[in-house]
Structure formats: structure tokens, C-alpha cells
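Source: prediction; values computed, not measured. Chain letters run A, B, ... following the sequence lines, proteins first, then strands; residues in each count from 1.
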Protein chains: 2
Amino acid sequence: MNKAAILHKPGWNYVYPLDRNTLKIRLKAAKNDLQEVKVIFGSRYDGKAPYNVKKMELVASDGLYDYFETSITMDDNRFRYLFYLSDGSEGIWFTEKGFSNIKPGKSFGYGEYFQYPVINEGDIFSIPEWVQDAVFYQVFPERFNNGNTDNDPDRIRPWGAKPESDSFFGGDLEGIIKKLDYLENLGVNALYLNPIFSSTSNHKYNIDDFYKVDPSFGNKEILKKLVVEVHRRGIRVILDAVFNHSGFNFFAFKDVRENGASSKYSDWFFIDNYPVKTTPPVNYDTFANDVIDMPKLNTSNPEVQDYLLGAAEYWLNEVDIDGWRLDVADEVDHNFWRKFRERVKKIKPNAYIVGEIWHNSEKWLQGDQFDAIMNYPLEMSVLDFFAYKKIGPGEFSNRLVRNWMLYQDRVNYSMLNLLDSHDTRRLINFFSGEKELMKLAVLFQFTYPGAPMIYYGDEVGIEGEDDPDCRRCMVWDIEKQDKDLYKYYQKLISLRHELIPLRRGDYQPIVIDEIKNTYGFLRSYEDESIVVIINNSPLSQKYTLAGNLFGYKKEISNYLDD
Amino acid sequence: MNKAAILHKPGWNYVYPLDRNTLKIRLKAAKNDLQEVKVIFGSRYDGKAPYNVKKMELVASDGLYDYFETSITMDDNRFRYLFYLSDGSEGIWFTEKGFSNIKPGKSFGYGEYFQYPVINEGDIFSIPEWVQDAVFYQVFPERFNNGNTDNDPDRIRPWGAKPESDSFFGGDLEGIIKKLDYLENLGVNALYLNPIFSSTSNHKYNIDDFYKVDPSFGNKEILKKLVVEVHRRGIRVILDAVFNHSGFNFFAFKDVRENGASSKYSDWFFIDNYPVKTTPPVNYDTFANDVIDMPKLNTSNPEVQDYLLGAAEYWLNEVDIDGWRLDVADEVDHNFWRKFRERVKKIKPNAYIVGEIWHNSEKWLQGDQFDAIMNYPLEMSVLDFFAYKKIGPGEFSNRLVRNWMLYQDRVNYSMLNLLDSHDTRRLINFFSGEKELMKLAVLFQFTYPGAPMIYYGDEVGIEGEDDPDCRRCMVWDIEKQDKDLYKYYQKLISLRHELIPLRRGDYQPIVIDEIKNTYGFLRSYEDESIVVIINNSPLSQKYTLAGNLFGYKKEISNYLDD
Ligand SMILES: [Ca+2]
Ligand SMILES: [Ca+2]
């Protein structure tokens, strides 16, 4: 037995509460090593050794590991437990203190069991239910639709011209309101807007006033109207919280620039020395390197916290938004995010908090900070498999499993699953224009657990290389829209709304075929099941589903054909 | 290479900041598997692939694993990194995405590196420095000294009689004040008092008023005087916070008992149905099972939080205590403890917060909740090695390493290292009266990293089986005190104060001899080093220290001989 590879931790994604009396338990072992895994559990305050026994199921494997899971329930909610592991030849017990050949019983001290001391309500990870049912649509407001030419910035370029980093085209909130019928018709039921607060740039990630809608986008009343209109259609909307840094003309940074060390805002930033030097190399911390107009905010400073958390609350209270997307979320301190979560959820318990993190996000997804992240790790796996063909179905599956096993199930079901964004090239460009392959990736996106998100215009075939090219104007001329692609997205969206297994169902790979280059999976929810088999090869291929796949006979229909 | 056994996580005890530009990095591998481990690191915002290379040292091993560590520093505080691992025949790179035979460079995507996105001040685990220099003394106030017979409970038993669960002897705060010369003479510089707030029991773990000193112990003014007197002697004092449950006559529980479902305090507890039934089996959650006079508090309720956190603040503000020991700490929800830490540290940044947890405590020791725990896992290992002889020096070392590797170094140096308490039998009883063996264990306790704690009276030879027998009255009759033992403790305490390596030094095992049953280690701090070699066998044994043990010639003296 490869004991050194066996991992269980008394917390995190290895054991977590589903409700006040139930724990989900996970154990990781070297691939193909263990034949039998059982959890033996009891009450922490029983005089007796634990005696409840439950088999743990092999739920997934990747290249290196097998993952075993089960859930255990007791009337008492104070658990102690240990594992029995067998590789066919050797059977051992595994406790907090390590491995033992001794059968548990009197010889086991109280101190040796794993403990889940109590399931407190406050420790159950609560994520808004609606996210699992959401199909998101990301809007970059400056480029979506110009609804009011009176608020246009000076010298805007003609709609549809090639965007440069500093181009303006006049898009605004009224423009979005005017296109809500379009979004409703497409079928999305959640919006994510890139930043809309007072800022000198077209992307508005350098915010000068966190309490004010940028005048070229509208004002608070128009934002309020947008949210009302959106909600009237059963659509939710989340905004972009840029709390890592401010803009250059943010009042506090302005004060520091003008008054130097004597400014009462000097501790709002990280300034090496005075006077503040605003030509590169600058003498203050910024987002990335020397991004002059993005001075990093000191989010450990209680005054900065009050200002920013106040803004988060303000927009929830004033215009009733449904959540926040957090920019550069992994460079802001954890305590700040903990306070953020507490204050946001107090106002709106079902607000969605989703961080921009491109990497392992375990530290932020334990229930005390975010609900989920923008699932860039998933995007990268999808592109490697479908677009770059760098990996086959086996490694694709391994990566999905590895990423899945980092988090609690409810987090995985609430991920924001994107395939491109304002920070990457356009999806069709990842595929070098190969639309059929892109459609395959999108099919996967819409049938995988987590909320899919469409970057505005992908559904009508907008192209674009890296920023700024990926931020082209939305194409409203019907003649220039890719109608086939639009109908494909519309179909997938309606399927996702229609078929609960795609949203809530278990996920189980059933085809991993390196030779055929096919990957298939089953999504099951109660008595409904969906089979998805993806042919990632250029050849046409045939699959005959075994009648017993679902444990009973069932008519199979292909939902993508009308 | 046993790849499945290799573990590094981007956070927790595997990578954590020492200051704003330095990370401590740890990697775990199967024992004797890797010959070379390097970390390759760079700035997150460098265009280039990481190019700084640092060798990681094998710092410790246990039965299953080798642990490699180093620290890395950059001017930029935003890190990305990967590992190079070699077992002599195979060399591979290890990233967030897994293992690769490809040499890092252009072929590595940005997405593959491990990330430490930024070292924010707010994420650096800050623990009071003084704890490393502390020698604690635990006082169970009802049994330490009766300083004022006017406040005695009714029908107290004669001092020194055998205690029963419900016995009273009249000990109080004035009694402690009168014995501060004794404590100063012994040499301790920190006190931990079991609960002192208004309560019907002798142990006072069932508190009826968290804002009031129990009248049989004194009052706020006397407590204030105690703290002033203690501080005047350079001694710190921490109190016992019992926030998991209240007492039976706590105003809120009384209200619920009287008014049932209509009580405005019904959500302060976990009550299954009404009326409240106070004979077993009770219909409300309690500490352990059916402990009628300890109803569990709902610490997720903001009103309960205000009451309890207010009390934590009150005693810091009013009498200037130096920290809190947290009772049943692992059964109170994490969010409560996060708020507790924030509010306590705001009033007194160098307050010590130490939880009563007998098990793996990783979830509480990440910087957002406690500073350390009462180190019961250490106690159990010490007893198994020295008292029960269940394990030899090899397994003793393994257990120390395993426990050490759960936490950040600064936590390990701030642990509250006890060998017995009011919740166990007396130390001498663990040793069935074999004082010389007990002294060996105490020697280890005083030379190991972390703050040693003496349970009142152990130093004069008080005996006692499990509670209530372990709570016997302190022996003040000099004729009845074990003077030899007292002098031994006094000597060890003064050595610890005198020799900084014992408090702050590195810890490195240098002798693990199963045959001789000896265990030895080196504690080094700057140019001072201490060697401790413990002979856990009944035979006399000789060790000749190699002159090059410290890398240079040095006079060795045996500090325990005068
Ligand atoms: Ca406009
Ligand atoms: Ca008294």
C-alpha cells in the first residue's frame, strides 16, 4: 500500500458539512492502490469507540490519484471517525495520528480519531441557489450599445471601428437597457457588467469615485432603472468590484500626490518615499508593474475598508444588484474579503460573490470569502483539449478531476464557467476560426456543472485577438451576425434551462477514449439522466448506448436535433 | 519517484509569509525518495519565466515523509514558483498543474506556476513575541489559596481534604495575590487562571454572568489589583473564556426556561421544543451529553456574539489582562473566533489567544483565529514515550515532526506546552509516582520550543487521579512540599530564561537511538547552542559530543549540575 500517498485532512475539501447533521467525507489515495475504503464514525461524546461503518465509493480518478467519497449522518452533530483501508492484501486503520495495524477499540486512545468537533450553522458553506440555474452574459459596457449619444465621451470612434487601448465608442447603460429584449430572446438570465464607476478609461478598472456611475455610462437613476428592468425579466446582474487599486484621480491618491507625507491618506497606499513620483519607475505599489493610474490600495487600513466596503453596501442598498465580481481578487488580503462577505451577505444573503482568480483558489473558497471564482482553470483545460489539441481525453479528464477535487461540491456547482473574457482573446480566435470545434467546446461548457458565461458577441461570431482587440463593438447589424452560431447558443441555453440534470445533476465520465478522441459523461438528477458524448476528432463516429447505462431501459433522444 | 506522495499546497503550512518580502516554503515527499529539491521563483508580473533558484533543505523526517524547506525573498512581493525534484535517476518539474518532464521556459504557460499572489501585511500571522519567552503557571483558583475567609462559600471543606466534584475549599483571587512572591521565586512569568466569573460550581465552567467576577473569588477591583500586582512583577496573566456554553442561571437561559418559545432569547440556544426540559434527557444542546447546567450557546447569533465578544473586550479594557484561553474552542464556529480575534487584537495587539483543542488544529491556526493551542498532542506523545513506554525515540521523533509540520513555525514556537491540567490526572500520577522519569519529561518540556506550563502544585509533588482528584488544594506547608522537585523546576525555569536558544533556537534532533533508548537534540540561536540528550532507559549511559557538532570547537558544560 502506498501509505505516503494517502491523504485526508480534518477540514477543507476533505470533510465539510452539508447540513447540521451530515458530513461529506473524501479520501485521496494513489491510483489503483486501494480496493476498499470504509469510514467508521461515532459521536465525540460516546463512551464507546465509533461503530457506524460506511463504505466510501471511488468517485473519480486522475493520473495519480483515486478519490473516495461518502456522506455520513448522525443525530448528534459532533463527530469522530477513522478509516479502514485495504489494498486486497493488507488492511489497516487510518487515524489523525497515522496508520495502525491494530483494530480500533479499547486500545485506541480518545486522542487518535479524526474529529469534526461540531457542525455549527455558521460553518456550513452557503451559496445562492440561483447561481446553479444561471446562464451569465458578460457585457463590456463601453462596447455593447450606445443608448444615448448625449453622454458620449469626446471624439468617439465610429461604432465597429478597430479598438485601440484608448478608444471610446459611446456604449452606456441605456444601451444595455435597450437590448434587454435581445438578451431575453437569447435566453440568458444573469448579467455581469465590467466596471461602470467613475473612471477616465474605457475599461474603467482605474476608478476615481467608487460611489458614482461614470457619467459617460449614465448615473445612479439609470443604473437603478437597468436593475429594475433586468429583474422584471427574471435576469440577475452582478457588478465589477475593483478593490485592489484605485484610479489616479481618486480623491485620496490625489491628496497624497499633492500633500505628500503630510496627507492624511498616506496610509491608504504603499508609497516608498515622498514626493510621489508618477513617472516610471514610480515610487508606489501599483497593479502589475508601474501602472501609474492604478495605485494599489492598502486594504488592511480600516479607513480604506470603510470606504470600499461602504461602496459594496451602497450599490446593494441603492440599486439592488445581485452580487459582485471581484477584480484581481487574489492580491487583496483575506481579512478584507472576510469582512466583505459578511457585510454583503448581511444585506443580501443570496448575493453571488465571485473572484477573479486564474489559479488554485482553495484559500478563498472555504466559505468565509467567495462563493466561487471565474473558472479560468477550466477554460485552460477546455482550450488545451478542444482548441490546441495539446491533451487527449484522458488528460482532459484528469485535469477536470484535479480541479474539481480542490473544492467542495457546492462550489463546483456554482463556478462561473467562462471560455473567454475581456482579458483573453475571443473564443473563436482561440480556435483560429474553426467554428465547429468552438461549438464543441461551448457544448461542453453548457453541459458541465457550474454557470456558463458568454462573453458578449461570441454568440454572433465576433472575432478579436488579445486586449484591446477582444473588446470590439457588439455587432447589431443582423446581416453581419452569425445566425447559425446565435441559434446554437440559444438552443444550448434553452436546453440548460429545460434539463435540470445539466444544472443540478451528478457528473460522471463514461467515455474516455484516446483512440477515438472522444469524451463522454452522464449527468443524473433524480430520475432524469443526460448523456453527452463529445467527438473531438475530425472523423464521424458512432456510439451505441448500452440499454443498462441508467440501470433501466430508457428512450434516448438527441436534444441537439430538432 | 513516488509522485503521488509529493505534497505542496499554495498556502497554509506549505507556504506562508515571514515578512512583506519573504516566503517560507515547504514540500513533503515520501521518506528517502528525493535527493534534490529546488524551488525556482520569480515575480508574478515578470515577462520572463522564473529564474531564481534556491535549494530546499531536508529539515525533518517522520516514518513516512521527508520535509524540505527554505525561505525565498524578492523585492517584489508577488510570487510565482515551481519545484525541481530529483530522486537521483529522474528529474522532474512540479507546478500547480502537476508533474512535467519539460524544462520550464517558454513552453510553460503562465497558468502552470504555483502562485503566492501577494504578501499583504494583513495576511502575515502575527503572534505576541512574549509568548516565546513565557513560562506559564496554571492556577485553579478555588484550590490555590484562600486569601479571604469572608467570601468563602457555605460549608467549605478543610484545606487539603480530598476533593469531590462539588467540594468547595475557599480559594480566591486575594489568595493568589498573597502568593505572588512564591510564583516570582519559582520564576514563572505568566499565569493562566481557570474561570473566575460568576458561577455556581467550584470550576466555574458554567458561567451565569460573564461580566462579573464570582463573589467567592472576589470582585472586579480585586481582579484589577491582581493584574496590577502581577504586571508589577513582570508576569502576564490570561483568563479562561468559556464561550461554548453558559450556566444554568445565565439570564438568557433563565428567560428561555421561564418564557419558552416566546422568550426573546430562544435563538441564543439550541432548543428542540418547548417547554425547556431540564431533566435528562434534556431537550436542548449542551456541552457533552445532557450536562444540564451547560446549555450550548448559539454563537452564530449576532446578539450572542455581542454579549460574549463584549465580555472579552470588557476584561481587556477594565483590568488589562494579557490574553484569553478558549474553552472547548473547537466546538464554537470559526466566524465567531475570527471576530473574537479582530476585536481582542484591536484592543491589545499582543494579547495571547490560545484554544483548548486536543487534536489537529490547522483550521484554527492560520492567522485568522487563535495564536496557538494547549498542546495536548505534545503531551500525549511525551507520555507515550516517557511514562507509558509505548513508543521508542524513533516514533517519539516521528510524532514530534508530524505535529510540528501541521503548523507555521511561529505557531510552534508559541504553543502552550502542558503535560497535565485540571482535565487530566496529575503528572506524577501519569508516571505512577516515578519522579525521576517525570523529571525527564519535564526537562523535555522546558527545552522544547513553545511556552511550558506548570499545573499548580506539580512543582511541589501534588498527586491526583482524574478530575476531581487532580484539583486538590495547593500544599503550602513547607514540610509537605517536595523540595527537590521544587528546586528542579526552579532550575529549569531559570535555565529557560537564561538561555535564549531554549526559547528561540532552531530545533534539530541529533540522537535517535532505539537501542540505548536515548533522544537528543540541538537548539541553536545565533552563536549559542544547547545540546540536550535524554536517557529514557534505566541504565546510566555516556555520550561524548563530537567537537565539530557545532561547526567549531566549543566548551560544553552541563547546566543541570551546579
Ligand atoms: Ca453614449
Ligand atoms: Ca475565600
Side-chain angles (χ1 to χ4, degrees), chain A residues 2-5 7 9-12 29-31 33 43-46 62-65 76 78 96-99 109-111 113-115 117-118 120-123 285 288-289 296 298-300 328 330-336 338 342 357-360 362-363 367-368 376-377 380 398-399 402, chain B residues 2-5 7 9-12 29-31 33 43-46 62-65 76-78 96-99 109-111 113-115 117-118 120-123 288-289 296 298-300 328 330-336 338 342 357-360 362-363 367-368 376-377 380 398-399 402:
Chain A
N2 188 347
K3 289 191 189 110
L7 188 63
K9 288 278 210 180
W12 301 279
K31 191 167 174 159
D33 191 31
S43 164
R44 203 173 189 207
Y45 289 98
D46 250 357
D62 61 24
L64 272 178
Y65 300 106
D76 193 359
R78 299 165 302 181
E96 184 179 290
K97 296 286 181 283
F99 298 95
Y110 167 81
Y113 299 107
F114 286 108
Q115 308 277 315
V118 69
N120 278 303
E121 194 71 36
D123 293 329
D285 288 4
N289 291 331
K296 184 168 166 66
N298 178 9
T299 49
S300 303
V328 203
D330 56 1
E331 296 190 13
V332 174
D333 63 290
H334 295 278
N335 284 326
F336 178 87
R338 289 192 185 103
E342 188 178 9
I357 302 187
W358 295 51
H359 291 272
N360 177 315
E362 289 171 89
K363 283 193 288 184
D368 57 330
Y376 280 107
M380 292 184 249
N398 290 345
R399 292 222 207 146
R402 252 178 258 146
Chain B
N2 187 349
K3 289 191 189 112
L7 188 63
K9 287 279 209 182
W12 301 277
K31 189 165 177 161
D33 191 31
S43 163
R44 203 175 189 207
Y45 290 97
D46 252 356
D62 61 24
L64 272 179
Y65 301 106
D76 192 359
N77 57 11
R78 298 164 302 180
E96 185 179 290
K97 297 287 181 281
F99 298 95
Y110 167 81
Y113 299 108
F114 287 108
Q115 309 277 316
V118 69
N120 279 302
E121 194 71 36
D123 293 329
N289 291 331
K296 182 167 168 66
N298 178 8
T299 50
S300 303
V328 203
D330 57 0
E331 296 191 13
V332 175
D333 64 290
H334 295 278
N335 284 325
F336 178 87
R338 291 192 184 102
E342 188 177 10
I357 302 188
W358 294 51
H359 291 272
N360 178 313
E362 289 172 89
K363 283 193 289 184
D368 57 331
Y376 280 107
M380 290 186 251
N398 290 346
R399 292 223 205 146
R402 250 178 261 148

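In this view, Asp62(B) and Arg402(B) satisfy the salt bridge (charged side-chain N to carboxylate O under 4.0 Å, His left out) rule, not counting sequence neighbours. Partners of Arg78(B) by salt bridge (charged side-chain N to carboxylate O under 4.0 Å, His left out), not counting sequence neighbours, listed by chain and number: Asp76(B).
Heavy atoms closer than 4.5 Å to chain A are found in the side chain of Lys9(B), but not in its backbone. Asp330(B) touches chain A through backbone and side chain together, each having a heavy atom under 4.5 Å away. At a 4.5 Å heavy-atom cutoff, the contact between Glu96(A) and chain B is made by side-chain atoms alone. Of the atoms belonging to Asn398(A), not a single heavy atom falls under 4.5 Å from chain B. Ile357(A) does not touch chain B: none of its heavy atoms, backbone or side chain, sits under 4.5 Å away. For chain A, the nearby parts of Glu362(B) are the backbone and the side chain; heavy atoms of each come within less than 4.5 Å.
Chain B forms the most heavy-atom pairs under 4.5 Å with one residue out of Asp285(A), Val328(A), Asp46(A), Asn2(A), and that residue is Asn2(A).
Contact check for Arg338(A) versus Asp368(B): side-chain heavy atoms found under the 4.5 Å cut-off. Counting only heavy atoms from C-beta outward, the side chains of Phe99(A) and Leu64(B) approach each other to under 4.5 Å.
Rounding to the nearest 0.5 Å gives a distance of 7.5 Å between NZ of Lys363(A) and CG of Asp123(B).
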